[in-house]
Student: 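Let me begin by handing over the structure; questions about it come next.
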Amino acid sequence: MSTAQPAEALRPADVLKAPGYLKTLLFCALVGIPVSLVSFWFLAGIHELQHALWSGLPHALGWSSAPWWWPLPLLFVAGVLVGLIALHMKGAGGHIPVRSMGAGMGGPRRTCCPGWCSRRRRACPSAPSWVRRLR
């Protein structure tokens, strides 16, 4: 039994030295390094903001730790910010999930949900055939 490989089989070293591979690797580095730096500094900023809001601000106001009601004003401020963004940004804060993602499409019909149809198969003639065959 012969285990000879075809002559046109690529060796890994040849693939790594190919100009197309090197261009792809350079492109990935040019995109990946800035994206990873931005995400790192975003997470570092979130970490510092948490410490400032939950430790620094109560301490600056004279409390040794955050009082029990401390989340309430933070939630109020966050709600006002989200409301202002939804009010003034284009799109009114995104799509309405009930209307689905497509333009002009209504929400999901109950007759199309497999869980609903499998329980009410006989009352659901529009159920897919694979749902009707479950029993």
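Since we're looking at a predicted model, the values are computed, not measured.
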Student: Just jot down the side chain to side chain contact (heavy atoms under 4.5 Å, CB included) partners of Val80, sequence neighbours excluded, or say none.
Tutor: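 Applying side chain to side chain contact (heavy atoms under 4.5 Å, CB included) to Val80 gives Phe76, Leu84.
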
Student: Under a single-linkage definition using a 4.5 Å side-chain heavy-atom cutoff for Ile, Leu, Val, Met, Phe, Trp and Tyr, are Val77 and Val82 assigned to the same hydrophobic cluster?
Tutor: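 No: no chain of side-chain contacts under 4.5 Å links Val77 to Val82.
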
Student: Can you list, by chain and residue number, the hydrophobic cluster partners of Val31 when the side-chain cut-off is 4.5 Å?
Tutor: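 Phe27, Val35, all in the cluster of Val31.
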
Student: Check side chain to side chain contact (heavy atoms under 4.5 Å, CB included) between Leu72 and all other residues, then give those that pass, not counting sequence neighbours.
Tutor: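 Checked Leu72 against side chain to side chain contact (heavy atoms under 4.5 Å, CB included); matches are Trp69.
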
Student: Out of curiosity, Leu57 CG to Leu49 CG, how far, rounded to the nearest 0.5 Å?
Tutor: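 The CG atom of Leu49 is 10.5 Å from CG of Leu57, to the nearest 0.5 Å.
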
Student: For residues 24-53, which residue pairs qualify under side chain to side chain donor-acceptor pair (under 3.5 Å), counting only residues two or more places apart or in two chains?
Tutor: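 Qualifying pairs, neighbours excluded: His47-His51.
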
Student: If hydrophobic clusters are built from ILVMFWY residues whose side chains come within less than 4.5 Å, do Trp68 and Leu61 share one?
Tutor: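 The answer is yes; both residues are in one hydrophobic cluster.
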
Student: Give the table of side-chain donor-acceptor pairs shorter than 3.5 Å for residues 15-23, with sequence neighbours excluded, one pair per line with atom names and distance.
Tutor:
none

Student: Of all residues at least two apart in sequence or in a different chain, which pass the side chain to side chain contact (heavy atoms under 4.5 Å, CB included) check with Ala66?
Tutor: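 Residues passing side chain to side chain contact (heavy atoms under 4.5 Å, CB included) with Ala66: Trp54, Pro58, Trp70.
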
